[in-house]
Amino acid sequence: QVQLVESGGGLVQAGGSLRLSCAASGIMFAITHMGWYRQAPGKPRELVARIISADTVKYADFVEGRFTISGDNTKNTVYLQMNSLKPEDTAVYYCNLEKYFGRDYWGQGTQVTVSS
């Protein structure tokens with residue numbers, strides 16, 4: 001059974017930092033399938049960052065160099081380090097495992113709230 005367990009969300013002031021973690025169970029060597037999305041109320045879910053390969057990552061334009069995605073294959077865990085957070089970063093952040101043996105998986109979502 002594949003499960004994605006997220007942690008690290010919370011409330012921070014503008015300019016602060018958070019580190020999100022997504023631990024995947026039931027899989028091995030899959031961090032290059034993983035990424036982060038977010039969704040604000042009334043808005044579509046959008047890509048934040050994705051691991052494409054061992055040396056390639058993709059970021060949304062709004063990241064603007066503030067976030068870093070990384071993974072640890074020994075722990076089957078992907079991280080999103082978020083610095084210089086802005087109020088417009090407020091959203092539910094979701095861990096995603098894409099096309100793993102033909103199936104997509106999502107975490108439960110974790111709330112990130114940035115106050116001004």
Side-chain angles (χ1 to χ4, degrees):
Q1 178 67 39
V2 175
Q3 292 184 328
L4 307 178
V5 180
E6 299 165 324
S7 61
L11 173 65
V12 297
Q13 295 182 354
S17 298
L18 285 173
R19 191 192 194 200
L20 307 184
S21 299
C22 175
S25 61
I27 65 172
M28 293 293 291
F29 311 113
I31 62 168
T32 57
H33 295 260
M34 297 177 70
W36 291 93
Y37 288 70
R38 72 184 189 185
Q39 187 168 26
K43 303 293 184 181
R45 190 171 298 186
E46 61 184 350
L47 175 71
V48 178
R50 176 167 293 282
I51 299 173
I52 305 300
S53 68
D55 60 355
T56 305
V57 298
K58 178 181 179 180
Y59 296 100
D61 288 343
F62 61 74
V63 168
E64 298 177 326
R66 299 175 298 132
F67 301 170
T68 302
I69 188 171
S70 61
D72 185 344
N73 266 324
T74 67
K75 299 178 180 179
N76 293 325
T77 299
V78 65
Y79 305 95
L80 184 68
Q81 177 66 46
M82 303 189 294
N83 301 320
S84 302
L85 284 162
K86 305 174 181 179
E88 52 263 44
D89 294 318
T90 296
V92 178
Y93 284 68
Y94 296 91
C95 182
N96 169 246
L97 173 60
E98 184 180 60
K99 297 180 180 178
Y100 184 74
F101 289 92
R103 295 174 179 263
D104 290 356
Y105 300 87
W106 294 91
Q108 78 283 2
T110 185
Q111 178 70 47
V112 171
T113 302
V114 184
S115 65
S116 59

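Worth knowing before you read on, the calculation uses all heavy atoms, side chains too, and leaves out hydrogens, waters and symmetry mates.
Using a 4.5 Å cut-off on side-chain heavy atoms (C-beta onward), M34 and N96 make no contact. No side-chain heavy atom of Y59 sits less than 4.5 Å from a side-chain heavy atom of V48. Between R50 and H33 the shortest side-chain heavy-atom distance does not fall below 4.5 Å. Contact check for V12 versus T113: no side-chain heavy atoms found under the 4.5 Å cut-off.
L47 and V112 end up in different hydrophobic clusters when Ile, Leu, Val, Met, Phe, Trp and Tyr side chains are linked at under 4.5 Å. Hydrophobic clustering of Ile, Leu, Val, Met, Phe, Trp and Tyr side chains at less than 4.5 Å, counting indirect connections, unites L18 with V78. Under a hydrophobic clustering in which Ile, Leu, Val, Met, Phe, Trp and Tyr are joined whenever their side-chain heavy atoms come within less than 4.5 Å, directly or via other members, V92 and V5 fall into different clusters. When hydrophobic clusters are built by joining Ile, Leu, Val, Met, Phe, Trp and Tyr residues whose side-chain heavy atoms come closer than 4.5 Å, directly or via intermediates, Y79 is not grouped with I69. Note on L20: it clusters hydrophobically with F62, by side-chain heavy-atom contacts below 4.5 Å among ILVMFWY residues.
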Notebook entry, point to check: Passes side-chain contact (heavy atoms from CB on, under 4.5 Å), L85 versus F67? Steps please.
Noted result: CA-CA 9 Å; L85 284 162; F67 301 170; 3.9 Å; yes
Item checked: Derivation and outcome, ring-ring contact (aromatic ring centres under 6.0 Å, His included), residues W106 and Y37 -> CA-CA 10 Å; W106 294 91; Y37 288 70; 5.1 Å; yes
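In this structure a side-chain-to-backbone donor-acceptor pair under 3.5 Å is missing from Y93 to E6. Looking only at distances, a side-chain donor or acceptor of T90 sits under 3.5 Å from a matching main-chain atom of V114.
Nearest heavy-atom pair, A14 versus P87, reported as atom, atom and distance to 0.1 Å: CB-CD, 4.1 Å. When all heavy atoms of G107 and Y94 are compared, the closest pair comes out as O-CD2, 3.8 Å. Contact between I51 and G71 at its shortest, heavy atoms only, is CD1-N, 4.1 Å. When all heavy atoms of K99 and D104 are compared, the closest pair comes out as N-OD1, 2.7 Å.
The CD atom of E98 sits 14.5 Å away from the OH atom of Y100 when rounded to the nearest 0.5 Å. The distance from the NZ atom of K75 to the OG atom of S25 is 15.5 Å, given to the nearest 0.5 Å. Between the NZ atom in K58 and the OG atom in S53 there is a gap of 13.0 Å [rounded to 0.5 Å]. Taking CD1 of I31 as the reference point, atom SG of C22 lies at 11.5 Å (rounded to 0.5 Å). A distance of 5.0 Å separates CD1 of I27 from CG of L97, quoted to the nearest 0.5 Å.
Judged purely by distance below 3.5 Å, without hydrogens or angles, the side chains of S17 and N83 pair a donor atom with an acceptor atom.
Note on residues 83-94: pairs passing salt bridge (charged side-chain N to carboxylate O under 4.0 Å, His left out), not counting sequence neighbours, are R38-D89, E64-K86, R66-D89.
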